[in-house]
Amino acid sequence: QVQLVESGGGLVQAGGSLRLSCAASGRTLSNYVIGWFRQAPGKEREIVAGITRSGSTTYYIDSVKGRFTISRDNGKNTVFLQMNSLKPEDTAVYFCAADLMYMVRTTAGSYDYWGQGTQVTVSS
């Protein structure tokens with residue numbers, strides 16, 4: 001079993017940047033596909049970005065393409081989400097999740113392990 005801990009959230013003005021980290025313990029992170037999800041109040045949890053085990057393939061939802069970058073450092077057991085040009089609609093709790101499969105899956109129910117989440121608030 002892998003434990004995930006997110007960090008790096010906070011309050012930022014529109015147009016600003018944040019870098020989220022997802023640190024793993026208990027198991028080697030390279031065994032898992034990692035997805036970053038977000039959930040805004042009253043909305044369903046949605047995937048924002050995903051990355052395969054080796055980092056060779058990434059996935060982004062359309063609304064963050066060109067602004068967010070997902071990456072991983074398997075040696076440090078950490079996955080990152082660099083978020084630039086942030087918009088108020090990016091405000092949400094952001095979660096990282098681990099999946100034992102080999103491809104990035106976009107549904108939250110496909111993921112086996114979850115972190116506790118980190119709040120991102122973008123002011124206008």
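Being a predicted model, the structure only gives us computed values, none of them experimental.
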Return the CG to OG distance between D99 and S110, rounded to the nearest 0.5 Å. 6.5 Å
Measure the OG1-NZ distance between T58 and K65 for me, rounded to the nearest 0.5 Å. 9.5 Å
Looking only at heavy atoms, the pair that brings P88 and S124 closest together is CG-CB, 3.8 Å
What's the spacing between L4 CG and S21 OG if we round to 0.5 Å? 12.5 Å
Rounded distance (nearest 0.5 Å) linking atom CD of E6 with atom SG of C96: 4.0 Å
Quick one: sort the F68 and Y94 rings into parallel, tilted or perpendicular, breaks at 30° and 60°. tilted
Looking at D90 and K87, is any side-chain nitrogen of the basic one under 4.0 Å from a carboxylate oxygen of the acidic one? no
With rounding to the nearest 0.5 Å, note down the distance linking OG in S123 to CD in Q13. 5.0 Å
Between R38 and F95, is NZ or CZ placed under 6.0 angstrom from the six-membered ring centre and within 45° of the ring axis? no
Can you check whether I51 reaches T57 side chain to side chain, under 4.5 Å on heavy atoms? no
Measuring only between side-chain heavy atoms, which start at C-beta, is I34 closer than 4.5 Å to Y111? no
Chi angles and distances behind the side chain to side chain contact (heavy atoms under 4.5 Å, CB included) call for V93, T118: CA-CA 5 Å; V93 178; T118 185; 6.0 Å; no
With clusters defined by side-chain heavy atoms of hydrophobic residues (ILVMFWY) lying less than 4.5 Å apart, directly or transitively, does V48 cluster with M103? no
List the steps, then state whether side chain to side chain contact (heavy atoms under 4.5 Å, CB included) holds for R19 with L81. CA-CA 6 Å; R19 189 192 196 204; L81 185 67; over 6 Å; no
Report the C-alpha distance between E46 and I61 in whole Å, list the side-chain angles of each, state the deciding distance to 0.1 Å, and finish with yes or no for side chain to side chain contact (heavy atoms under 4.5 Å, CB included). CA-CA 9 Å; E46 65 173 355; I61 56 170; 4.2 Å; yes
Do you know the tightest heavy-atom contact between W36 and C22? CZ2-CB, 3.6 Å
Side chains of N84 and Q82: closer than 4.5 Å at any heavy-atom pair? yes
Between T91 and E89, does the side chain to side chain donor-acceptor pair (under 3.5 Å) criterion hold? Intermediate values first, please. CA-CA 5 Å; T91 295; E89 50 264 43; over 6 Å; no
When you measure from the side chain of R53 to the backbone of L100, do you find a donor-acceptor pair of N or O atoms at a distance under 3.5 Å? yes
Name the residue from T69, L20, I70, D73 that meets the side-chain contact (heavy atoms from CB on, under 4.5 Å) definition with F80. D73
Check whether any side-chain heavy atom of T106 sits under 4.5 Å from a side-chain heavy atom of Y59, and report yes or no. yes
Are R72 and T78 close enough that some pair of their side-chain heavy atoms sits under 4.5 Å apart? no
Spacing of CZ belonging to R45 relative to CD1 belonging to I47, to within rounding of 0.5 Å: 12.0 Å
Can you find a heavy atom in the side chain of Y32 that is under 4.5 Å from one in the side chain of M101? no
Is the shortest heavy-atom distance from the side chain of N74 to the side chain of T28 under 4.5 Å? no
When you compare the side chain of Q1 with that of Y113, does any pair of heavy atoms fall below 4.5 Å? yes
